[in-house]
A.B. asks: 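I am attaching a structure below and will ask some questions about it afterwards.
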Amino acid sequence: MFTTLLRGPKGLIGSAALVALSLGTPALAQEQLSIATGGTGGVYYPMGGGLAEIINGHVDGYSATAEVTGASVENMGLIATGDADFAIGLADTVAQAHSGTGRFDGQQLSMVRGVASLYANMVHIVALEGSGITALEDLRGKRVSIGAPGSGTEVNTSAILEANGITYDDIEEQRLNFNETADALANGDIDAGFLSVGAPTSSILNLSTTQDIVLIGLTEDELAAALDANATFAKTTLVGGTYTGVDEDLTVLGIPNVLTVSSETPDDLVYAVTSAMFGNIKELQAVHPAAKQTTVEFTLDATPVPLHPGAIRYFEEIGAEVPDRLRP
């Protein structure tokens, strides 16, 4: 479904176009676009793949590919270097990149712009039944997956633990992606794992069909501490029955996921992609139910960085009121 990209000096060009050009055959070359996503066990990859298919079907002159990456932190770097044309990232990571704070202290990526807020992640803290882990404090001294290197999950995990007085010195941290975390739990290689991801996610769904799992809830005080520490967190509800064996509603921390682009990307391209995505949103929803949250209203409420002028052009064209805080 997805193809390997051949990179040129400026954009990207498809291999078929290169062959046509080398033979001197008249051909309308399509410019290749890359969409940086995350691991295959999360939601970024299918969402990025769905967006790529929308671009391929509805944006003339362009062909897009979803790429597997280390997710949010890495993706912001790919936008900055021009190695990705579009990228998905957690709102706190995107905000830190744009402002040069947190993980991006001393390396501000002021070119990062928003296109849309796609959906909200839920921070899952997963353990197996019988592990004895029923609360955040129980993680002390345990083997804990804090998320893949360069992922938004790791950023979220650090914020939640530090806000509640737990450091990496208090746990045996392992940096695993979603599928690796689920496999390590099933194999007994770790005791618990953090996954900041849209619900339901395939890695936990698959784990819950073979193992009895528990999702660790935070107390009101723990939730409040995390909310105070990270302005992009919000309380949300993981509905009971989402995963096998997890029958009760659970209050968890949620955080938006943002489709981003560089400020140097042409306005017409960003306008065309924004228009195609919202104009064919049912195609994205058919790929993953998380896209049911992908609305103009959610974008204008949840996006933490200025929008690209091409996206603003689309929103104004449909009559939406873009707040001043989202204008570059």
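Numbering of residues begins at 1 and proceeds along the displayed sequence.
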A.B. asks: By side chain to side chain donor-acceptor pair (under 3.5 Å), which residues pair with E74, not counting sequence neighbours?
C.D. replies: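 For E74 there are no side chain to side chain donor-acceptor pair (under 3.5 Å) partners, ignoring immediate neighbours.
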A.B. asks: Would you please name every residue forming a salt bridge (charged side-chain N to carboxylate O under 4.0 Å, His left out) with E173, sequence neighbours left out?
C.D. replies: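 Listed in chain order: R175.
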A.B. asks: Under 6.0 Å between ring centres, would you say that holds for Y243 and H124?
C.D. replies: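 Ring-ring flag for Y243/H124: true, centres closer than 6.0 Å.
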A.B. asks: How far apart are the closest heavy atoms of S196 and L90, and which atoms are they?
C.D. replies: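 What the structure gives for the nearest pair is OG-CD1, 3.7 Å.
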A.B. asks: Is a side-chain donor-acceptor pair under 3.5 Å present for T209 with T244?
C.D. replies: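 No, no side-chain donor-acceptor contact under 3.5 Å.
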A.B. asks: Might you confirm whether atom CG of D228 has over 12 heavy atoms from other residues, nucleotides or ligands at distances under 6.0 Å?
C.D. replies: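 Atom CG in D228 is packed in, count exceeds 12.
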A.B. asks: Can you list every pair that meets salt bridge (Lys or Arg N to Asp or Glu O under 4.0 Å) and has a residue in residues 307-321, with sequence neighbours left out?
C.D. replies: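 Counting only pairs at least two positions apart or across chains, the salt bridge (Lys or Arg N to Asp or Glu O under 4.0 Å) contacts touching residues 307-321 are D268-R313, E316-R327.
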A.B. asks: Closest heavy-atom contact between A116 and T303?
C.D. replies: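 Smallest heavy-atom distance, with atoms named: C-OG1, 4.3 Å.
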A.B. asks: Going by distance alone, is a donor N or O of one side chain under 3.5 Å from an acceptor N or O of the other, for S131 and D191?
C.D. replies: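 No, no side-chain donor-acceptor contact under 3.5 Å.
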A.B. asks: Checking S99 against T101: is there a side-chain donor and acceptor pair closer than 3.5 Å?
C.D. replies: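 Indeed, the side chains of T101 and S99 share at least one donor-acceptor pair under 3.5 Å.
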A.B. asks: For T294 and L118, work out which heavy atoms get closest and say how close.
C.D. replies: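 Looking at all heavy atoms of both residues, the shortest contact is OG1-O, 2.6 Å.
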A.B. asks: Using the side chain to side chain donor-acceptor pair (under 3.5 Å) criterion, which residues pair with T134? Sequence neighbours excluded.
C.D. replies: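 By the side chain to side chain donor-acceptor pair (under 3.5 Å) rule, T134 matches D138.
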A.B. asks: Let me see the working for E154 and V73 under side-chain contact (heavy atoms from CB on, under 4.5 Å), right down to the final yes or no.
C.D. replies: CA-CA 9 Å; E154 186 180 0; V73 175; over 6 Å; no
A.B. asks: In this structure, are over 12 heavy atoms from other groups packed under 6.0 Å from D212 atom CG?
C.D. replies: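 No.
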A.B. asks: Just to verify, what does S262 make a side chain to side chain donor-acceptor pair (under 3.5 Å) with, not counting sequence neighbours?
C.D. replies: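 Side chain to side chain donor-acceptor pair (under 3.5 Å) list for S262, sorted by chain: empty.
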A.B. asks: For A120 and N257, which heavy atoms make the closest approach, and how far apart are they?
C.D. replies: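 Scanning both residues completely, I find the closest heavy atoms to be C-ND2, 3.9 Å.
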A.B. asks: Could you tell me which residues satisfy ring pair (Phe, Tyr, Trp, His ring centres under 6.0 Å) with Y271, sequence neighbours excluded, listed by chain and number?
C.D. replies: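 Not a single residue meets the ring pair (Phe, Tyr, Trp, His ring centres under 6.0 Å) criterion with Y271.
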A.B. asks: Provide the closest heavy-atom pair for T181 versus L195 in the form atom of the first, atom of the second, distance.
C.D. replies: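 Shortest heavy-atom separation between T181 and L195 comes out as CG2-CD1, 4.1 Å.
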A.B. asks: Determine, stepwise, if the pair I216 / V214 fulfils side-chain contact (heavy atoms from CB on, under 4.5 Å).
C.D. replies: CA-CA 6 Å; I216 310 305; V214 292; 4.0 Å; yes
A.B. asks: So, for N121 and G198, which heavy atoms are closest and what is the spacing to 0.1 Å?
C.D. replies: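 Looking at all heavy atoms of both residues, the closest pair is OD1-N, 3.3 Å.
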